[in-house]
Amino acid sequence: MRAAVTILVVAALASVPLWLRDPYLLNALITTGIFVVGAMSLNLLLGFTGQLSLGHIAFFGIGAYVSALTSLGFDVGLPGGVRLVHAPWPPIAGFLLAILVAGLCGYFVGLLSFRVRGAYFVIVTISFAEVVRLVALNWVELTQGPLALTNIPSIALPLPGIGELTLRTKMQNYYLVLVVALVAYLLIARLVHSHFGRAMRGLMENETLAVSVGIDVTRTLTLAAVISAAIAGAAGSLYAHYIRIIDPEVFAFINTVTMVIMVISGGKGSLAGPVIGGLIFGLLPVALRPVMAPEAQWIAYGGVLIAILFVLPRGIVPSLAQRFIRPRSGAPALAPVALTETGAKEPA
Amino acid sequence: MTARSIAMNIEQVAVRFGGLVAISDMSFTVGEGEIVSLIGPNGAGKTTAFNVMTGFLTPSAGQVTYQGTTLTGLKPHEIADLGLIRTFQRTGVFPNDTVYDNLLIGLHRQGRVRLLDAILGLPGARASERRLRQRASELIEWVGLERRAHDAAGSLSYGEQRLVGVALALAAEPSMLLLDEPVSGMNASETHRFVELIRSIRDRGITILLVEHDMPMVMTVSDRIVVLNYGRIIAEGTPDVIRNDPAVIEAYLGHGAGRA
Amino acid sequence: MSEFFQHLVNMLVLGGTYALLGIGLTLIFGIMNVVNFTHGVLYTFGAYIMFIVVQQLGLNFFLALPVAVLAGWLLGAAIELTLLRPLRGSDIDTTMLVMIGAWIAMQSGTLWIWGGVAKSVATPLPEAPLVLGPVSVSWLRLFVLAAAALLILVTYLLINKTSLGRAMRATFQDHDTASLMGVNVDMIYTSTFAIGSSLAAAAGALLGPVYVIFPQMGDLAAVKAFAIVILGGLGNITGAVIGGFILALAEELGAGYVSSGYRDAMGFVIIIAVLIFRPTGLFARAERVG
Amino acid sequence: MLEIRDMVCGYGGVTALRGISLDVKAGQLVALIGANGAGKSTTLRAISGLVPPRAGRMRFEGIDITGARPPRVLASGIAHCPEGRRVFPHMSVEENLDMGAYLRRGSGEISADRDRIYAEFPRLAERRRQAAGTLSGGEQQMLAIGRALMSRPRLIMFDEPSLGLAPNIVERTFAIIRGIRDAGTTVLLVEQNAFDALEMCDHAYLLENGRIVLSGAGSELIENEHVRKAYLGG
Amino acid sequence: QTIKIGVNEPLTGAFAASGTYVVNGAKIAADEINAKGGILGKKIELVIEDNKSNPTEAAAVAEKLITSDKVPVLMGAWGSSLTLAVMPKLIEYETPMVVETSSSGKITTTGNPFIFRISPPSAVEAAAFKGIVDKLALKKVDFLVINNDWGRGTAEDFSKMMKDKGISIGLVETMDQGAQDMSAQLSKIKSSDSETVIVTTAVDQLTLIFKQAAALGLKKRIITTGGSQNPDQIIAQAGAAANGTMHLTTFLPWFPDKTPNPEATNYFITEWKKRGFEFAGCTESFRGYDGIRTAAAAIEKAGKAEPAAIKAALWDINIKGLNGDVVFRKSGPEGKESGQSQPNVYLIEINDGKVEMKTL
Ligand SMILES: Nc1ncnc2c1ncn2[C@@H]1O[C@H](COP(=O)(O)OP(=O)(O)OP(=O)(O)O)[C@@H](O)[C@H]1O
Ligand SMILES: Nc1ncnc2c1ncn2[C@@H]1O[C@H](COP(=O)(O)OP(=O)(O)OP(=O)(O)O)[C@@H](O)[C@H]1O
Ligand SMILES: [Mg+2]
Ligand SMILES: [Mg+2]
């Protein structure tokens with residue numbers, strides 16, 4: 001049953017470019033898809049470990065820059081008179097490196113997250129993103145700073161024996177994003193349903209208790225952070241090669257906020273949540289654009305967001321699931337946390 | 001008492017919170033397979049001692065060794081990996097998960113598989129998963145919460161949550177169990193049943209260190225009792241000795257405790 | 001050397017404004033546990049009230065301040081009643097997202113009403129700065145510093161020394177139990193949010209004339225306020241004040257002696273460093289396990 | 001004094017109380033006993049207004065308090081010392097006690113009451129300035145009891161007050177409870193320490209699965225075969 | 001039946017104020033043209049879209065304008081990163097764009113033959129300033145610039161030009177776009193040994209800088225560049241603090257007679273005031289006006305509203321813009337050159353709250 005639904009949804013998504021001819025809409029779908037991948041990765045942290053990263057765009061941006069620089073090449077001076085010169089590599093190498101480097105950054109931020117929680121984690125992530133943004137802005141020799149990296153090549157897939165296929169058209173890019181999104185989805189799904197996923201949930205709900213039964217906080221959180229960052233890095237790489245210009249504005253706070261909106265409105269901690277939330281809030285601006293004044297579009301955007309949460313406070317997917325599928329027996333009606341050990345929780 | 005090998009050795013442990021001395025110069029041992037109770041007035045430092053033993057607190061002085069391993073510097077989960085598992089004085093559950101899922105989380109130590117196996121869903125990972133589910137059901141049955149297995153743990157009554165807490169500790173396969181006031185919130189009959197439970201745990205070779213204010217229970221179940229007052233050990237011995245120790249009666253039992 | 005003293009004076013003045021930004025948020029975020037994305041909008045709102053009263057209505061500058069505080073209070077109460085009350089008991093992330101929605105909508109509303117062009121407010125204070133040897137500082141900023149000190153003191157006393165303040169803290173630590181103590185928790189929710197909002201509006205009203213007034217002015221202010229609150233420890237007013245000065249010091253010296261491009265990075269690096277060594281902020285609340 | 005008729009109560013999809021009727025007469029000490037999950041705490045929460053009743057009526061001193069919110073219930077004279085301590089963790093011991101007197105006016109009397117509580121529980125006096133969240137379990141329990149006493153109610157409800165207290169403090173706590181009853185305050189007591197509770201109460205109710213299955217004088221219940229077996233460990 | 005021109009500007013977000021000004025200027029141009037009967041016998045229609053000050057959106061907007069609205073020519077997109085994001089789309093759909101504000105050198109040097117820029121990149125501005133430099137007797141200058149392509153580019157190009165003239169360069173300080181407190185940077189500049197500060201940023205930050213410099217007792221000559229100053233807004237908001245500051249600008253709304261096309265300037269200013277806009281907006285909005293007139297002239301010259309024809313015609317136009325002749329010269333790699341026109345540059349000074357033309 002579930003498998004059938006999944007296949008149906010995937011087939012529907014795969015068919016879109018076959019009947020949707022409007023390049024503008026296809027473009028909107030592609031950029032939305034890229035952000036949906038970012039949102040899925042954020043959901044792994046927020047929804048399954050309870051750690052809200054408000055600097056998630058840092059990993060996305062790092063992925064974008066790494067990928068762009070790998071495929072464009074660079075020549076920078078390092079302290080001590082050393083010059084670091086890199087000749088352009090194929091974009092696909094950039095894509096893989098983006099995943100690697102973003103994952104590595106996730107590792108360090110994950111190590112930090114072992115020390116801080118809740119609000120403190122939030123601010124560390126915001127700070128991390130800001131510092132990365134300022135480095136991108138000020139390390140002009142490497143990143144060209146505000147002058148932006150331009151002419152980033154499109155991704156080319158090596159076809160063994162034939163040569164390579166450069167993904168230039170919208171349809172090609174659409175399928176590329178779709179495939180990456182599916183892989184990310186499956187990876188996250190497997191992870192959270194495994195025993196690692198349970199460890200994450202345990203930490204999220206009652207950390208003291210979780211460690212007392214032998215769950216390793218650092219390892220679990222770092223693992224989640226690495227995978228989450230790596231996926232975000234992949235999304236960033238797709239972004240760089242699709243938009244083909246990248247400047248420090250990619251690290252803007254509003255981009256993180258967009259991902260947070262996608263995750264929470266769709267339903268954090270549910271696999272489909274960020275996809276649904278992402279599609280809604282990725283495409284809502286497209287729908288609003290022709291019908292009202294620019295400022296009004298934003299007001300409507302905020303209004304829709306509030307309205308969704310008023311009707312479905314736990315996010316679209318979990319709230320609907322609860323309502324239509326099976327009323328979960330005895331979900332605590334009074335806040336049960338107040339009864340338990342860790343008492344007053346810090347805000348996330 | 002026969003010569004057993006020592007499971008846990010607490011050597012001259014002291015804990016201070018700012019100016020407040022919670023424990024000073026505490027030393028005692030717990031033998032393998034023994035049931036030792038740690039009692040004392042409120043605020044004597046019993047829970048603090050547990051926190052030191054399980055790595056939640058670093059002592060200001062002294063050290064604890066468990067089965068020959070010095071615990072200093074180990075993190076709580078590493079200590080748990082040695083088989084030293086505790087329960088909490090107040091309730092401790094994963095409130096938004098069902099009782100069943102709570103136990104699956106508690107079975108973490110049994111369910112370790114390689115990340116890649118889990119992500120690829122290899123047979124090893126699946127078999128392990130089946131074993132865990134089996135064991136979780138057993139544990140639920142054992143504490144008598146079958147009826148509540150699929151309710152969120154946070155929606156259970158106070159006493160029921162405490163039972164889940166004990167089941168969680170057992171799920172972690174302890175070689176030594178530290179129980180912090182396990183029967184508070186249970187009535188006499190429930191306590192009786194719990195005593196049986198503890199005995200059966202001990203019979204499986206698990207060492208038990210118990211903190212409890214329920215004197216009838218402590219007196220019936222303990223091999224040996226250590227009494228703390230203001231962070232110091234003021235008495236140590238068999239239940240009979242402790243029951244009649246004037247210092248203990250004065251500081252802790254009270255004169256009406258004869259019924260114990 | 002004189003440059004150093006000038007930086008120090010700048011730091012004092014800037015720190016005062018940061019502290020002011022921090023205390024309003026420490027009430028709402030630190031005590032109420034609402035990740036208040038509208039803090040910046042309320043700050044902006046206070047500044048626009050100042051603009052309306054002084055520039056458009058032509059009324060007195062000093063009169064405009066209490067008006068802005070009152071307006072902030074009313075708007076805050078309205079937000080609490082319409083947006084937060086219906087979601088009482090929901091997840092903190094849900095309320096955060098509603099606040100994000102309100103932030104986006106209200107900021108665009110500001111843009112719609114007043115346009116994007118920056119406004120400024122004339123003040124009756126002398127334009128020529130106060131010069132003390134090698135350092136000089138504007139009278140307006142000194143006034144802001146003094147007003148900030150006053151507001152901080154009043155807030156401190158309110159929270160820590162009055163029974164209303166105690167009820168507030170109790171409510172957000174355990175609201176069922178607080179209601180068992182006879183606290184009207186609905187009233188506390190509304191008034192805490194309203195007081196926090198009025199402080200944000202006060203900050204905007206004071207700083208609007210120092211800087212310029214435009215729809216996004218609150219964004220940067222809000223980010224800094226969050227950093228300050230967390231640096232000082234959630235819900236800790238003294239901590240927020242000290243956090244404000246630390247951030248100001250880091251920025252001044254960072255810009256003065258490291259590189260102005262990394263000025264804002266300094267503050268964030270400090271935050272990361274502080275949290276590595278003191279994971280619960282500079283003034284952590286005592287906690288225990290078991 | 002307190003009169004409950006056919007009260008039904010629950011959480012979400014769960015029904016915890018299935019029609020409860022009980023009476024607490026002025027000046028009495030009434031005990032409520034029952035197994036884990038029987039609904040004892042829910043009964044107290046319903047009375048104090050934390051959980052709205054789904055059916056039934058409640059009257060206190062002749063006034064209908066069905067569905068009243070907690071502050072109103074407290075103002076009408078009923079205090080509730082909740083289960084599981086529920087101290088305000090980031091407030092000091094002293095501030096916690098002052099919260100108990102939130103609705104009272106007159107600082108002189110309040111501080112006299114506070115001193116009385118410090119005298120009863122010297123441990124709390126030693127810890128006056130300590131954040132309540134860092135107190136030991138038993139110390140928190142003492143604080144919760146003290147805080148409830150601070151409101152000077154006409155009816156006070158205790159939910160497992162002896163939980164986590166040392167035996168000598170349990171004795172003292174029961175003495176205090178008897179003392180306030182003797183001084184004219186009505187008490188509704190939920191206790192797992194069923195023997196002591198039944199021994200000192202004037203009247204007792206036994207709750208099972210959300211229903212009252214037995215009621216009578218404490219001594220009657222102690223003698224009851226079912227009670228002995230299921231609750232007294234005998 | 002109308003001829004459409006796509007306008008891709010920031011109407012919300014960080015650059016909303018400027019983008020709105022530019023659009024207002026554009027509307028004046030369109031109305032003027034239509035009042036005179038339009039072009040090729042048809043009215044022109046501006047299809048205005050908000051790019052939200054966001055590069056991703058700017059690219060999406062370009063896509064929409066070209067594919068859904070079928071505009072044959074665009075104007076946009078204010079900020080350099082916004083314009084740079086649009087550029088791949090221009091190549092993809094072979095549609096030309098008139099760039100009215102962006103200053104990044106990259107825009108015309110990376111080989112995009114669909115770009116026609118009427119705003120001066122900082123190198124052009126620096127070259128124009130060259131003549132004035134001698135007369136000001138500069139010795140040592142510090143820079144305080146906004147940390148984006150515009151500020152950084154200005155610091156770079158002006159430094160180069162000044163070094164060639166033997167002027168020494170002191171500090172180069174930056175500030176974040178949106179930063180409100182520049183006291184730290186100004187304190188540093190205050191204690192440096194240069195006599196002049198070159199400041200490049202948008203008008204809001206300029207106001208703040210003047211106020212804060214006055215508060216700090218900074219007594220150096222301040223010269224601003226970039227033509228986004230809105231001196232009137234500065235006078236209104238910074239008051240006495242603005243006195244003595246000098247501004248390098250490309251448009252002189254205060255002295256219509258001194259502009260290259262007094263008639264158009266007068267018309268534009270009258271119309272601007274008639275529509276109730278703030279006078280201060282003129283120095284930003286005239287670029288929208290010139291941009292649309294440029295696009296319209298190209299359509300007229302092309303004789304049909306088709307992208308390829310318009311692109312070809314853009315090379316041939318010569319109109320008198322508000323700040324000089326719009327004539328495109330080739331810039332960038334051979335075979336794929338972009339067009340760049342050279343506007344005039346003037347120096348003005350604020351004295352006693354009035355704008356004066358600096359005669360040197
Ligand atoms: N984090 C802390 N900060 C300050 N004081 C603390 C902290 N933790 C414990 N204490 C104090 O140390 C003393 C010992 O506390 P502990 O919890 O160990 O007592 P206990 O013996 O378990 O008492 P109980 O039987 O009441 O549970 C208490 O007086 C308590 O107030
Ligand atoms: N917050 C809640 N959400 C959902 N169900 C709840 C909640 N609190 C209690 N219940 C359910 O209501 C029933 C009665 O609980 P109650 O707490 O009244 O029991 P009790 O008699 O006080 O038990 P104990 O002796 O264990 O404290 C139980 O079945 C419990 O699971
Ligand atoms: Mg204890
Ligand atoms: Mg109960």
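Residue numbers start from 1 in every chain, and the chains themselves are labelled A, B, ... in the order their sequence lines are given, proteins ahead of strands. Keep in mind that the numbers below use all heavy atoms, side chains included, and drop hydrogens, waters and symmetry copies.
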So does D91(C) pair up with R314(A), basic N to acidic O under 4.0 Å? no
Sort by residue number and list every member of residues 270-281 of chain A having a non-hydrogen atom under 4.5 Å from chain C. none
Is chain C contacted by the side chain of I264(A), its backbone, both, or neither, given a heavy-atom distance below 4.5 Å? both
According to salt bridge (charged side-chain N to carboxylate O under 4.0 Å, His left out), does anything in residues 230-254 of chain C pair up with another residue at least two apart or in another chain? List the pairs. K224(C)-E251(C), E251(C)-R263(C)
Kindly give the heavy-atom pair with the smallest separation between F193(C) and E80(C), and that separation in Å. CB-CG, 3.7 Å
So what's closer than 4.5 Å to chain A heavy atoms on T110(C): side chain, backbone, both or neither? neither
For residues 250-261 of chain A, which side-chain N or O atoms pair as donor and acceptor with protein atoms under 3.5 Å away, sequence neighbours left out?
unit_1  : atom_1 : unit_2  : atom_2 : d
N255(A) : ND2    : V250(A) : O      : 2.9
T256(A) : OG1    : I57(A)  : N      : 3.4
T258(A) : OG1    : I254(A) : O      : 2.7

Which residues in residues 292-306 of chain A have a heavy atom less than 4.5 Å from any heavy atom of chain C? A293(A), E295(A), A296(A), W298(A), I299(A), Y301(A), G302(A), L305(A), I306(A)
If one checks every heavy atom of V135(A) against chain C at 4.5 Å, the contacting part turns out to be both
With a 4.5 angstrom heavy-atom cut-off, is it the side chain or the backbone of L83(C) that approaches chain A, or both, or neither? both
Between T125(A) and H56(A), does any side-chain donor sit less than 3.5 Å from a side-chain acceptor? no
The interface call for T94(C) against chain A, heavy-atom contacts under 4.5 Å, is both
Compute both the distance and the angle, then confirm whether R85(C) meets the cation-pi test with Y189(C): under 6.0 Å from the six-membered ring centre, within 45 degrees of the axis. no
For S265(A), is it the side chain, the backbone, both, or neither that has a heavy atom closer than 4.5 Å to a heavy atom of chain C? both
Provide the closest heavy-atom pair for M168(C) versus I188(C) in the form atom of the first, atom of the second, distance. CA-CG2, 3.7 Å
When V98(C), L97(C), I104(C), L111(C) are compared by non-hydrogen pairs under 4.5 Å with chain A, the top option: L97(C)
Could you look at I276(C) and say if it's the side chain, the backbone, both or neither that has a heavy atom under 4.5 Å from chain A? both
Need one label for L87(C): side chain, backbone, both or neither, based on atoms under 4.5 Å from any heavy atom in chain A. side chain
Which portion of L54(A) sits near chain C, non-hydrogen atoms under 4.5 angstrom: side chain
Near-ring test F29(C)/F226(C), centroid separation under 6.0 angstrom: yes
